[in-house]
Amino acid sequence: MCGIVGIINHQKISIKNDLLKSLKRLEYRGYDSVGYATIEGKVEKSVGEISNFLDEIKDSTTSCAISHTRWATHGGVTKINSHPHWDCNENIFTVHNGIIENYQELKKELIEKGHIFITDTDSEVISHFLEEELKSKNMVDAIKSFISQTQGTYAILVIEKGKNRIYAIKKDSPLVLGIGNDRLYLASDIYAFSDSTNKAIFFEDGEFAIIEPDTYSFYDSAGKALKKEIYEFTWSIPQEESVQNYPHYMIKEIHEQPIATQRLINSLDGEQHDKIKKIAELVKNSKRVVFTAAGSSYYASLLGVYFLNRIGINAHTLIASEFQNFMLVDKDTLFIAISQSGETMDVVTATKWAKERGAKIVSLVNVPHSTIQRMSDISLEIHAGPEICVAATKTFTNQVVSLLYLSWLLGFSVNMKTIPNKIDYVIKENEDLIKKMADELYEKKDIYIIGRGLSYPPSREMALKLKEISYIHAEGMMGGELKHGTIALIEPGTPVIALIPGKDFDMYSNAKEVEARGARVITIANMMDSDFKLDITINDGKFSILAVIIGQLLTYYIARKKKLPIDKPRNLAKSVTVK
Ligand code: F6R
């Protein structure tokens, strides 16, 4: 994953207040370590988050520097493995987002030629490769041979000591040039500079560019000069970006859900209405609808399939990383990609693949101008606002609300208008009870969540939340599957959360079956006559959304009790831009 930022100017820029301030806006892409290099040859790196790094280092100035926030792929989380990397002569400095797949082969050849490697990363090969090529070529030719000889994915920035210039190269990892009033930016996405300029040029695969303080030139992989369009975007910076009076972004974002869903519904009734009507038309006129997504967005897509199937629409979904292995698409397929970030590599790859096969591409994204939005024929924005906590909360809910709205346009019966108030009510009504439940559950090693139909996707989403934020092993599963193996794991006291929407007697029986084996059954249910103590009652049809919100709160309060790093859980990143 990783985020990269470079800035170049005639005047001096501040490392802390300009470069690292921009880099901090990309920290959602990874926060294992951070580093920067200047054209004076100064390099500083550190393991951990950017805020700690800012406390550690003294500010300095330069006219040109590159920086990197890392999500480790190859090589442990250490200072030496942090970017930037350099060549043997400490003359070329590089930052890289992506994976150089044939790095072992290239590294072996370079070592044979006398290069000395000091890290365990794939990325270090870049600076040594360029150093070797520069012995007989200029930088443009060295970059051309890099593009032709490497396999893998990359957004790379290169600087040379003493030269006020940045080289930028892109394949399959996002890269954009930001055109500011007095400076040029290179970054993984526009968010790095969207607070200071709205002009950008997106790199396409195989392109590279040479950036100087007031000029930039783009080339294709063969070195042919390209004319590129400047893209002007709108980006408002809502108040939601600050944590306000909340202790964590996660709880703030959970509490924002009534407002976020209302904003989305207003936009679907208003400025996005034509767009969603067009998508509904496409759904009606396609032979079948195929969703793809990853993580929480995939669970939202499962609900989309449930809603559409209920009204007779042939809809399927598949996890993006397996899409090409298990799904077929053709020109009669409507392909719908769901992605909060709009950058998830597996979703981007599946979308490209579907596009090549002639499918119509629709997407649901939260981040405007993202790669997936730009690849789509029609892209709906879910208007959840910036989500800072790594865990998806309000964006999951808004994805589901968008899918409910689409299904409602096609005949699914639901009262959209009551959603924001119901969410508000469920949070207010249950938060204290959930805190008590967290006190009971926080030391458990395993939690099982069972659901059926409408409540199956929520069971998966709740389990994902519990794993990633409260570090409890959790399994969300179909109630009917339980007795085909997993029930062997139920011991006296094992917590099982049963999601029982409506009068679902099969779910009720599944809950009874585990109770009979000593499980501590917690029910989240629509009212039904039963001899269970109903722990949490959701007396409403928007069960899928509301049950997940209960799960979000439970996760949050368990993680708080365990004093975990809630907004930035270990090993994760918000935008997963590697396969
Ligand atoms: C879970 C979570 C992840 C994302 C997944 C897809 O809380 O945040 O599982 O849902 O990485 O990300 P997007 O939606 O950006 O494609």
Side-chain angles (χ1 to χ4, degrees), residues 98 151-155 170-176 188-190 200-207 220-221 226 228-229 231 233 272 274-295 297-298 300-301 304-305 308 313-382 399 402-403 406 575-579:
Q151 285 147 24
T153 59
Y154 46 80
K170 167 205 156 83
K171 183 177 161 264
D172 289 332
S173 296
L175 187 60
V176 59
S188 301
D189 68 49
I190 58 173
I201 298 179
F202 290 97
F203 285 69
E204 298 302 329
D205 285 340
E207 290 179 358
D220 70 8
S221 56
L226 298 170
K228 300 276 290 182
E229 293 278 307
Y231 183 86
F233 58 89
Q272 291 203 99
D274 283 350
K275 233 196 267 183
I276 196 154
K277 266 176 56 189
K278 274 192 196 136
I279 299 173
E281 278 306 308
L282 284 174
V283 170
K284 257 197 256 168
N285 298 329
S286 305
K287 268 211 183 123
R288 60 180 202 145
V289 177
V290 169
F291 290 94
T292 200
S297 303
Y298 169 71
S301 77
V305 171
L308 292 177
I313 289 163
N314 181 3
H316 308 264
T317 184
L318 192 65
I319 290 275
S321 58
E322 289 295 337
F323 196 82
Q324 296 162 54
N325 298 331
F326 291 96
M327 193 62 89
L328 291 175
V329 296
D330 59 20
K331 59 176 183 28
D332 299 321
T333 308
L334 176 66
F335 175 94
I336 307 184
I338 305 186
S339 175
Q340 184 285 129
S341 60
E343 298 292 348
T344 300
M345 170 72 92
D346 290 328
V347 185
V348 171
T349 308
T351 307
K352 255 188 209 162
W353 190 79
K355 209 175 163 86
E356 281 160 17
R357 275 150 193 80
K360 265 253 171 295
I361 310 293
V362 165
S363 64
L364 265 60
V365 300
N366 191 41
V367 179
H369 319 291
S370 50
T371 303
I372 292 167
Q373 178 167 86
R374 286 181 286 114
M375 289 168 77
S376 308
D377 296 307
I378 307 182
S379 182
L380 203 71
E381 288 177 17
I382 62 164
Q399 288 167 345
S402 311
L403 293 166
L406 176 67
S575 180
V576 182
T577 59
V578 290
K579 280 190 193 167

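Starting from 1, each residue takes its place in the sequence as its number. Model, not experiment: these values are computed from the prediction. Only heavy atoms go into these numbers, but all of them, side chains included; no hydrogens, no water, no symmetry mates.
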The test is side chain to side chain contact (heavy atoms under 4.5 Å, CB included); show your working for Met327 and Thr333 and say whether it passes.
CA-CA 11 Å; Met327 193 62 89; Thr333 308; over 6 Å; no
Does Leu403 form a side chain to side chain contact (heavy atoms under 4.5 Å, CB included) with Phe291? I'd like the steps, not just the answer.
CA-CA 11 Å; Leu403 293 166; Phe291 290 94; 3.7 Å; yes
Test log, rule side chain to side chain contact (heavy atoms under 4.5 Å, CB included), inputs Asp377 and Val362
CA-CA 6 Å; Asp377 296 307; Val362 165; 5.8 Å; no
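Heavy-atom minimum distance, Gly98 versus Ser173: CA-OG, 3.8 Å. Shortest non-hydrogen contact noted between Gln399 and Ile382 is CG-CD1, 3.8 Å. The nearest pair of heavy atoms linking Ser402 to Ile276 is O-CD1, 4.0 Å. Shown here for Ala350 and Ala320, the closest heavy-atom pair between the two residues is CB-O, 4.2 Å. Ser376 and Ser379 get closest at one heavy-atom pair: CB-CB, 4.1 Å. Across Ser339 and Thr344, no two heavy atoms sit closer than the pair OG-OG1, 3.8 Å.
Atom CZ of residue Phe202 and atom OG1 of residue Thr371 lie 7.5 Å apart, to the nearest 0.5 angstrom. With rounding to the nearest 0.5 angstrom, the OG atom of Ser370 is 8.5 Å from the CD1 atom of Ile190. To the nearest 0.5 angstrom, Ile201 atom CD1 is 11.5 Å from Leu175 atom CG. Expressed to the nearest 0.5 Å, how far CD of Gln373 lies from CD1 of Ile378 amounts to 12.0 Å. Note that the CG atom of Leu334 and the CG atom of Asn285 stand 10.0 Å from one another [nearest 0.5 Å]. Going from atom CD1 of Ile336 over to atom CG of Leu406 covers 6.0 Å, rounded to the nearest 0.5 Å.
Checked options Ile319, Thr292, Val365, Ile338; the residue passing with Val347 is Thr292 (criterion: side-chain contact (heavy atoms from CB on, under 4.5 Å)). Looking at Lys171, Lys170, Lys228 one by one, the single match for salt bridge (Lys or Arg N to Asp or Glu O under 4.0 Å) with Glu207 turns out to be Lys228.
Here Glu381 pairs with nothing under the salt bridge (charged side-chain N to carboxylate O under 4.0 Å, His left out) rule; sequence neighbours left out. With sequence neighbours left out, Asp346 forms a salt bridge (charged side-chain N to carboxylate O under 4.0 Å, His left out) with no residue at all.
Counting non-hydrogen atoms of neighbouring residues, nucleotides and ligands closer than 6.0 angstrom, the CD atom of Glu356 exceeds 12 such neighbours. Surrounding NZ of Lys360 are at most 12 heavy atoms belonging to other residues, nucleotides or ligands under 6.0 Å away. Counting non-hydrogen atoms of other residues, nucleotides and ligands closer than 6.0 Å to CG of Asn325 gives a total above 12.
Taking the charged nitrogens against the carboxylate oxygens, Glu281 and Lys284 do have a contact shorter than 4.0 Å, which makes a salt bridge.
In this structure, Gln324 and Thr349 have side chains that are in contact, with non-hydrogen atoms separated by less than 4.5 Å. Within the 4.5 Å cutoff, side-chain heavy atoms of Arg288 are placed close to those of Leu328. Side-chain atoms of Gln340 and Val367, non-hydrogen and from C-beta on, do get closer than 4.5 Å to each other.
In this pair, His369 and Phe233 present their aromatic rings tilted. The plane angle is within the 30 to 60° band.
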